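Here the structure is laid out as structure tokens; the discussion comes afterwards.
The shown structure was predicted, so the numbers you read here are calculated from the model rather than taken from an experiment. These values consider heavy atoms only, across backbone and side chains, with no hydrogens, waters or symmetry-generated copies.
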Amino acid sequence: MSLTSYKHKDVIHRCFRCGYCKFPTDWSSVTNCPAYARYRLESYSTGGRLWLIRAWLNDEIKWSENLAKILYACTSCKNCAEKCPHNFNVDIVDMIVAARTEMVNQGKLPKPVKNFLSNIHLYGNPYGISAKKRSAWVNGYPVQDYTNQEYLFYVGCEGSYDSRAQEAAIAVAKLLESAGISFGILGKDEISDGNDVEMMGEDGLFEELADKNIRQFKELGVKNIITLSPHAYNTFKNRYPEFDGEFNVQHYTQVIKNLIRQGKINPPQLEGKRITFHDPCFLGRWNGEYETPRKILQAFKGAQVIEMQRSRSGALCCGGGSGNFFTDFLGGSPESPSRQRVREAHESGAEILAVACPSCLVMLEEAVTAEKLDQEIQVKDLSELFF
């Protein structure tokens with residue numbers, strides 16, 4: 001690869017490592033970049049990563065497993081784009097993804113990334129599990145396959161295969177059913193939405209997934225989609241239209257908020273419960289949706305909603321984006337973003353850490369266990385608070 005062929009060659013040199021990208025919105029700490037929070041090395045900060053990419057493009061350094069790990073440790077959380085004061089801030093994540101694309105094209109990838117992409121190519125999911133087991137999460141609950149219902153409930157890979165995320169999928173399905181919503185699922189025919197595949201730089205596989213999904217949705221007559229994951233919400237809403245995939249896409253929290261307003265769902269009383277909310281990156285920074293989850297929490301009578309020190313656009317990512325939920329380049333340490341985040345939630349005085357993303361749900365619950373805080377704080381999907 002050369003600098004001349006790199007599509008961001010005209011702007012990548014403008015990063016001079018001022019360090020703004022490390023900070024949260026309120027400047028309360030210098031650990032808001034999840035990779036930098038984990039390693040505290042300049043090479044893992046956004047500015048350091050861009051300098052390494054430029055050096056690689058200029059053939060000043062050679063590809064290495066360590067360089068690849070640094071690039072893939074970025075979760076695409078967009079904190080850097082929020083904080084960068086320069087007008088190329090909108091291109092920062094794309095610069096990193098473009099460098100990953102070149103690594104994909106050269107076949108130079110860390111083993112965890114190869115496994116992730118290979119499993120999705122072969123099985124339609126990163127777990128490498130047969131599609132026949134994709135609807136096992138239903139577990140006898142009366143959820144129908146999609147046949148001209150009003151909404152397609154797109155469950156996603158985590159909600160289909162991860163036992164903890166499956167509980168959130170069931171909770172959302174129960175809420176939709178209790179409100180009289182007509183919906184169905186794809187079951188064994190569902191495949192990955194491709195959001196994290198694209199963030200990993202595998203453009204060809206992403207386009208293949210988008211084409212298959214769009215074709216299937218159209219053949220089934222799908223017009224309205226409810227997603228469990230903000231990752232699916234992001235790619236269906238913002239990327240699929242570029243492939244002639246125009247659908248009315250909502251994250252499940254947006255649907256629940258409207259059902260509460262219409263009186264079709266009545267939140268139970270949670271008298272005295274102290275709850276804080278963790279903003280998912282692909283719901284918050286990527287799509288500007290900060291208030292809907294909080295309006296849902298405020299509808300629980302008697303609950304006390306507490307904000308963590310870092311919230312909304314300044315929230316610390318759990319560390320699971322860009323496939324890091326599976327590759328785990330940021331885990332294995334008390335300084336992993338997820339463990340830092342649950343300590344912050346505990347310090348806020350909350351007894352419930354509410355989330356609205358299956359990846360965040362699993363990452364943060366595991367972090368609570370690692371921090372030995374099981375008896376002091378619970379991680380709950382917003383949908384689970386209704387039951």
Side chain proximity check, Gln166 to Ser160, heavy atoms < 4.5 angstrom
no

For Ser192 versus Asn213, what's the shortest heavy-atom pair and its separation?
O-ND2, 3.0 Å

I want to check something: taking the side chain as every heavy atom from C-beta on, are Ile275 and Gln304 in contact at a cut-off of under 4.5 Å?
no

Looking only at atom types and distance, does a side-chain atom of Arg38 sit under 3.5 Å from a main-chain N or O of Gly331, one as donor and one as acceptor?
yes

Run Glu158 and Ser359 through side chain to side chain donor-acceptor pair (under 3.5 Å) and show every step you take.
CA-CA 7 Å; Glu158 293 90 343; Ser359 297; 3.0 Å; yes

Does a salt bridge link Arg285 with Glu82, judged by any charged N lying under 4.0 Å from a carboxylate O?
no

Restricting to ring pair (Phe, Tyr, Trp, His ring centres under 6.0 Å), what partner residues turn up for Phe277, sequence neighbours left out?
none

Which residues pass the ring pair (Phe, Tyr, Trp, His ring centres under 6.0 Å) test with Phe88, sequence neighbours left out?
His86

Lys/Arg N to Asp/Glu carboxylate O, Arg343 vs Glu335, below 4.0 Å
yes

Salt bridge (Lys or Arg N to Asp or Glu O under 4.0 Å) partners of Glu202, counting only residues at least two apart
none

Strictly below 4.0 Å, N to O, side chains only: are Glu291 and Arg294 in salt-bridge contact?
no

Mark yes or no for whether Asn248, through its side chain, and Asn224, through its backbone, hold a donor-acceptor pair below 3.5 Å.
no

Ring pair (Phe, Tyr, Trp, His ring centres under 6.0 Å) pairs touching residues 361-387, sequence neighbours excluded, are Phe300-Phe386

Applying ring pair (Phe, Tyr, Trp, His ring centres under 6.0 Å) between Phe247 and each of Phe217, Phe236, Tyr233, Tyr151, report the one that passes.
Phe217

Do Trp137 and Val143 touch side chain to side chain, with heavy atoms closer than 4.5 Å?
yes

Would Asp59 and Lys62 pass as an ion pair if we require N to O under 4.0 Å?
yes

Show the nearest heavy-atom pair for residues Arg49 and Ala35, with the distance to one decimal.
NH2-CB, 3.4 Å

Name of the residue among Cys84, Cys80, Cys74 meeting side-chain contact (heavy atoms from CB on, under 4.5 Å) with Thr46:
Cys80

Partners meeting ring pair (Phe, Tyr, Trp, His ring centres under 6.0 Å) with His8 (sequence neighbours left out)
Tyr6

Indicate yes or no: does Arg312 engage Glu307 in a salt bridge with an N to O separation below 4.0 Å.
yes

Can you list the residues that meet the salt bridge (Lys or Arg N to Asp or Glu O under 4.0 Å) rule with Arg14, with sequence neighbours excluded?
none

Donor-acceptor contact below 3.5 Å, side chain Asp91 vs main chain Asp94:
no

Does any non-hydrogen side-chain atom of Ser118 lie less than 4.5 Å from one of Leu122?
yes

Could you tell me whether the side chain of Thr327 and the main chain of Gly323 form a donor-acceptor pair under 3.5 Å?
yes

Taking Glu351 for the side chain and Arg274 for the main chain, is one N or O donor matched with an acceptor at less than 3.5 Å?
yes

Pair Glu42, Ser45: side-chain N/O donor-acceptor within cut-off below 3.5 Å:
yes

For the CD atom on Gln375, are there more than 12 heavy atoms of other groups (residues, nucleotides or ligands in this structure) within a distance under 6.0 Å?
no

His231 and Asp196: side-chain donor and acceptor closer than 3.5 Å?
yes

Heavy-atom side-chain contact between Val155 and Phe153 under 4.5 Å:
yes

Does the pair Glu198/Arg239 count as a salt bridge with the N-to-O cut at 4.0 Å?
yes

Between the side chains of Ser383 and Asp381, is a donor N or O closer than 3.5 angstrom to an acceptor N or O?
yes

Between Ile306 and Thr276 the two heavy atoms that sit nearest each other are O-OG1, 2.7 Å

Scan Tyr72, Phe329, Phe326 and name whichever one has a ring pair (Phe, Tyr, Trp, His ring centres under 6.0 Å) with Phe116.
Phe326

Check: Gly128 main-chain N/O paired with Asn125 side-chain donor or acceptor under 3.5 Å
yes

Distance only, no hydrogens: is a donor on one side chain within 3.5 Å (strictly under) of an acceptor on the other, for Glu289 and His251?
no

Joining Ile, Leu, Val, Met, Phe, Trp and Tyr whenever any side-chain heavy atoms lie under 4.5 Å apart, the cluster holding Phe16 also takes in none

Who pairs with Glu177 by salt bridge (Lys or Arg N to Asp or Glu O under 4.0 Å), at least two apart in sequence or on another chain?
none

In the structure I gave you, are the side-chain heavy atoms of Arg341 and Ser336 within less than 4.5 Å of one another anywhere?
no

Asp374: which residues meet the salt bridge (Lys or Arg N to Asp or Glu O under 4.0 Å) condition with it, sequence neighbours left out?
none

Heavy-atom distance under 4.5 Å between the side chains of Met200 and Val104, does that happen here?
no

Between Glu376 and His346 (side chain of the first, backbone of the second, donor and acceptor by atom type, cut-off under 3.5 Å), is there such a pair?
no

Those residues at least two apart in sequence (or on a different chain) that pass ring pair (Phe, Tyr, Trp, His ring centres under 6.0 Å) with Tyr146 are none

cation_pi(Lys83, Tyr20) dist<6.0 Å, angle<=45:
no

Quick check against the 3.5 Å criterion: does Ser322 have a side-chain atom that pairs as donor or acceptor with the backbone of Asn324?
no

Members sharing Leu361's hydrophobic cluster (side chains within less than 4.5 Å):
Met308, Val342, Leu353, Val355, Leu364, Val368, Leu373, Ile377, Val379

Which Ile, Leu, Val, Met, Phe, Trp or Tyr residues join Trp286 in one cluster when any pair of side-chain heavy atoms under 4.5 Å counts as a link?
Val93, Val97, Met199, Phe282

Does the side chain of Tyr290 pick up a donor-acceptor pair with the side chain of Asp279 at under 3.5 Å?
no

Distance-only polar pair, side chains of Gln340 and Glu344, donor-acceptor under 3.5 Å
no

Basic-acidic side-chain contact under 4.0 Å: Lys237, Glu242
no

Ignoring hydrogens and angles, tell me if any N or O in the side chain of Asn287 forms a donor-acceptor pair with the backbone of Leu283 under 3.5 Å.
no

Backbone N/O of Asp145 and side chain of Gln149: donor-acceptor pair under 3.5 Å:
yes

Just so I know, are the side chains of Leu117 and Leu205 near enough to count as touching, which here means a heavy-atom distance under 4.5 Å?
yes

